Every structure is written in C-alpha cells, then in structure tokens.
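Reading through the structure tokens given below for one structure.
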There are 2 protein chains.
Amino acid sequence: MNNYTQMLRNHNLKATPQRLAIVDMLYMHGHMSIDALYEVMIKRFSSISLATIYKNINLMLENTFIQEVKLPNFKSVYELTKESHSHTMCEKCGKINDINLDLDAIVNTASTLKNFEITKADLVLSGVCKNCV
Amino acid sequence: MNNYTQMLRNHNLKATPQRLAIVDMLYMHGHMSIDALYEVMIKRFSSISLATIYKNINLMLENTFIQEVKLPNFKSVYELTKESHSHTMCEKCGKINDINLDLDAIVNTASTLKNFEITKADLVLSGVCKNCV
DNA sequence: GTTTAAAGGAGAAAAATTATCTATAATCTT
DNA sequence: AAGATTATAGATAATTTTTCTCCTTTAAAC
Ligand SMILES: [Mn+2]
Ligand SMILES: [Mn+2]
Ligand SMILES: [Zn+2]
Ligand SMILES: [Zn+2]
C-alpha cells in the first residue's frame with residue numbers, strides 16, 4: 001500500500017485507481033485546471049467520465065485534501081494541500097509557481113486596522129517570468 | 001450630462017440607461033456579483049436581459065472600467081476600477097471590504113527571489129469581521 | 001469469498017455564459 | 001433639430017460548465 005493510498009484513506013476517501021491517478025497528476029504537475037486534469041486522466045483511463053473528475057475534485061476540496069487557487073483572468077487550478085503559500089503567475093506563459101512569503105506583518109496590520117480576525121491570506125502575484133521577458 | 005456618462009464615453013461606451021444604472025449600483029454597493037447586480041437591475045428595468053448584464057460586465061472589464069475580484073469559495077464580484085487595493089472578506093456574513101495595504105516590500109522580495117517582473121498583486125484576506133465574532 | 005457501502009461511467013439535467021438576430025436608442029453629421 | 005449611422009437591448013437559441021441520476025462495478029471490511 002503506497003503513500004497516496006494511505007493519504008486518501010486518512011481523509012475518508014477510498015483509494016480508487018482514478019483517485020490515485022488524480023493525486024499523482026497533481027503531485028507531478030503541481031497546479032492543474034479541471035480541463036488539464038481531464039486531458040491527462042483520459043490518457044490513463046480512456047473511458048473516465050468528466051463527472052468523475054468533478055466529483056473527486058469537489059470531494060477532495062471538502063476534505064481539504066486539495067486546494068483551489070483562483071487566478072485573475074484564468075480558470076481555477078487545483079493543488080495538493082500543503083503549507084500555506086502564495087503564488088506567482090506569468091501572464092505570458094501561464095506558468096504558476098509557489099512562493100513562500102512572510103505575510104505576518106501585513107496580516108497583523110490589516111487585522112488591527114479593520115478589527116478583523118484573519119484566518120487566511122490568498123495572494124497571487126501576476127507578471128512576467130524570467131523565461132518570458 | 002452627468003459624471004458617469006462622461007466616464008463611460010471616455011471608455012468608448014455609449015451611456016445607456018442600463019449602463020448608467022450598473023455604474024450607479026456598483027458605486028453604491030461597492031462589490032457585486034453578477035446575480036446581485038441582476039437582482040437590483042431587474043427592479044429598475046423590469047425587462048432587462050441577463051445577457052445585457054453579462055455583455056456589459058465583459059465590455060467594462062475589457063475597457064478596465066471595472067475590475068473582477070475573485071474570492072475563495074464564493075462567486076466573483078465586480079467593482080469600479082480604482083487605485084490598486086486589497087480586500088477582506090468575512091466568511092460569516094460575506095461582507096467584502098477594501099483595504100489599503102503597502103505590499104511593496106513583499107512584491108520586491110518576491111520579484112528578486114524569483115526573478116519575476118510583477119505587475120499586479122491580488123490579495124484577499126478571509127476571516128471574521130468585527131460584527132460576526 | 002461474501003457483504004456492503006462507496007465510487008465510476010453514461011448520459012440527462014441544470015446552471016452559467018455567450019452568440020444571434022432585430023428593433024430601438026444613442027451619438028454623429030449636417 | 002432632423003436624419004443618418006452605429007452600437008446596444010432584449011428575446012431567444014446555443015454553447016459551455018457543472019451537477020445529478022441511475023445502474024454497474026469495485027474497494028474495503030469481515
Ligand atoms: Mn501552490
Ligand atoms: Mn475593492
Ligand atoms: Zn512566462
Ligand atoms: Zn461578518
């Protein structure tokens with residue numbers, strides 16, 4: 001029994017081949033849209049239903065096994081849940097990368113400024129990556 | 001000829017009553033989803049088509065007359081374009097507020113760290129507002 | 001191996017968004 | 001101000017995206 005199998009079961013999800021493949025794809029590609037995921041999944045499971053992708057993505061979201069990343073002007077992408085982090089997105093090539101930034105100061109400022117209890121900070125930095133300048 | 005009329009024309013948009021109302025609603029409410037906008041618009045224009053809302057929102061987005069704000073777990077909202085700013089969103093009552101935070105330090109750090117030319121920073125702080133604690 | 005509860009696939013259905021068409025209204029031209 | 005020009009609104013169809021239903025298959029438990 002491999003890694004992902006245990007991870008899925010820990011989240012009350014049966015470890016089906018389709019799910020293991022989804023996890024595998026997300027692990028390999030990092031951030032994937034529904035469409036991109038379906039495209040790679042159909043190669044492994046020629047008869048997989050798009051509904052299966054949606055159902056699993058939604059289930060995994062509910063179980064916080066994965067996270068949705070909303071991007072300006074683009075479709076959402078999904079990734080395996082890991083420590084909170086921010087993202088960069090290249091507007092030319094569309095490449096999305098993780099970036100660890102210390103947002104504590106900002107969050108604290110905001111919290112006191114607005115008397116607001118902050119539980120999550122979603123930051124997307126858009127621009128042009130080094131390969132696209 | 002009022003304010004909005006001129007603003008719309010400056011963006012190559014004819015100042016129709018429907019558009020003026022959309023601008024007015026966004027000005028009054030701040031951040032609105034497509035549905036919320038349609039709901040208030042139908043009160044003023046009983047026969048307005050949802051397609052008109054979509055067409056105008058998309059046109060105004062193209063002309064950067066308005067901006068889309070993508071929110072975790074919720075539908076996008078739209079607002080009149082103003083100076084770049086961040087948002088807080090209460091997960092209890094759904095209230096969205098503007099907040100001006102100095103992200104320069106963060107942006108610069110990210111830029112040098114990843115050799116990435118940043119043109120835009122979208123930050124949404126989720127949590128619980130003072131009215132909902 | 002048998003049981004059972006969950007998941008997959010096919011396709012229908014629903015929801016969201018966009019496109020097409022025509023009458024009308026906003027702006028431009030005189 | 002009147003007429004010409006062009007973009008827009010609204011009705012509706014079409015398309016796209018997402019969810020649901022139903023039945024079969026399969027993973028997990030015993
Ligand atoms: Mn990430
Ligand atoms: Mn705002
Ligand atoms: Zn790039
Ligand atoms: Zn609240």
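On a predicted model such as this, the values are computed, not experimentally measured, just so you know.
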Do side-chain atoms of [X] reach the backbone of [Y] as a donor and acceptor pair under 3.5 angstrom?
{"X": "B/Ser111", "Y": "B/Glu117", "result": "no"}
{"X": "A/Arg19", "Y": "A/Lys14", "result": "yes"}
{"X": "A/Asp102", "Y": "A/Asp104", "result": "yes"}

_Enumerate the salt bridge (Lys or Arg N to Asp or Glu O under 4.0 Å) contacts for residues 29-55 of chain A, please, sequence neighbours excluded, ordered by first and then second residue._
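Matches after skipping sequence neighbours: A/Asp24-A/Arg44, A/Asp35-A/Lys75.
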*Mapping B/Ser49 and B/Lys14 onto DNA chain D by nearest heavy atom, which one lands closer to the 5' end?*
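Here B/Lys14 is the residue nearer the 5' end.
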*Heavy atoms only: give me the nearest A/Leu20-A/Ala15 pair and the separation to one decimal.*
CD1-O, 4.1 Å
Whether over 12 other heavy atoms sit under 6.0 Å from [X] [atom1]:
{"X": "B/Phe45", "atom1": "CZ", "answer": "yes"}
{"X": "A/Lys95", "atom1": "NZ", "answer": "no"}
{"X": "A/Lys120", "atom1": "NZ", "answer": "yes"}

For the pair made of [atom1] in [X] and [atom2] in [N], what is the distance, rounded to whole Å?
{"X": "B/Arg9", "N": "C/dT27", "atom1": "CZ", "atom2": "C1'", "answer": "7 Å"}
{"X": "B/Ile48", "N": "C/dA25", "atom1": "CD1", "atom2": "P", "answer": "15 Å"}
{"X": "B/Asp35", "N": "C/dA15", "atom1": "CG", "atom2": "P", "answer": "12 Å"}
{"X": "B/Glu68", "N": "C/dA16", "atom1": "CD", "atom2": "P", "answer": "15 Å"}

*asked:* Over the length of the helix from C/dG1-D/dC30 to C/dT30-D/dA1, how much do the five-pair end axes diverge, rounded to 10 degrees?
replied: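 Rounded to the nearest 10 degrees, the bend comes out at 50°.
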*Check whether A/Ile96 and A/Leu26 end up in the same hydrophobic cluster, where Ile, Leu, Val, Met, Phe, Trp and Tyr are linked by side-chain heavy atoms less than 4.5 Å apart.*
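No, A/Ile96 does not connect to A/Leu26 through the hydrophobic network.
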*Cluster overlap A/Ile99 with A/Val107, hydrophobic side-chain contacts below 4.5 Å*: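 Result: yes, single cluster for both.
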*asked:* Just to be sure I understand the rule, does A/Ile34 reach a base, reach only the sugar-phosphate, or reach nothing, if contact means heavy atoms closer than 4.0 Å?
replied: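 Result for A/Ile34 = nothing.
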*Interface limits on DNA chain D, where chain B has a heavy atom under 4.0 Å of a nucleotide atom*: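 Going 5' to 3' along DNA chain D, contacts run D/dT6 to D/dT12.
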*asked:* Any residue in residues 51-64 of chain A with a heavy atom nearer than 4.0 angstrom to DNA chain C? Just list them by number, or reply none.
replied: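 By residue number: A/Ala51, A/Thr52, A/Lys55, A/Asn56.
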*When Ile, Leu, Val, Met, Phe, Trp and Tyr are grouped by side-chain heavy atoms lying under 4.5 Å apart, directly or through other members, which residues fall in the same group as B/Val128?*
B/Val133
*Using a strict 4.0 Å threshold on nitrogen-to-oxygen distance, state whether B/Lys70 and A/Asp122 make a salt bridge.*
no
*Enter the distance from B/Leu80:CG to B/Gln67:CD here, rounded to the nearest 0.5 Å.*
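The CD atom of B/Gln67 is 10.0 Å from CG of B/Leu80, to the nearest 0.5 Å.
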_Within residues 15-28 of chain B, which residues have any heavy atom lying less than 4.0 Å from an atom of DNA chain D?_
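Close to the strand are B/Thr16, B/Gln18, B/Arg19.
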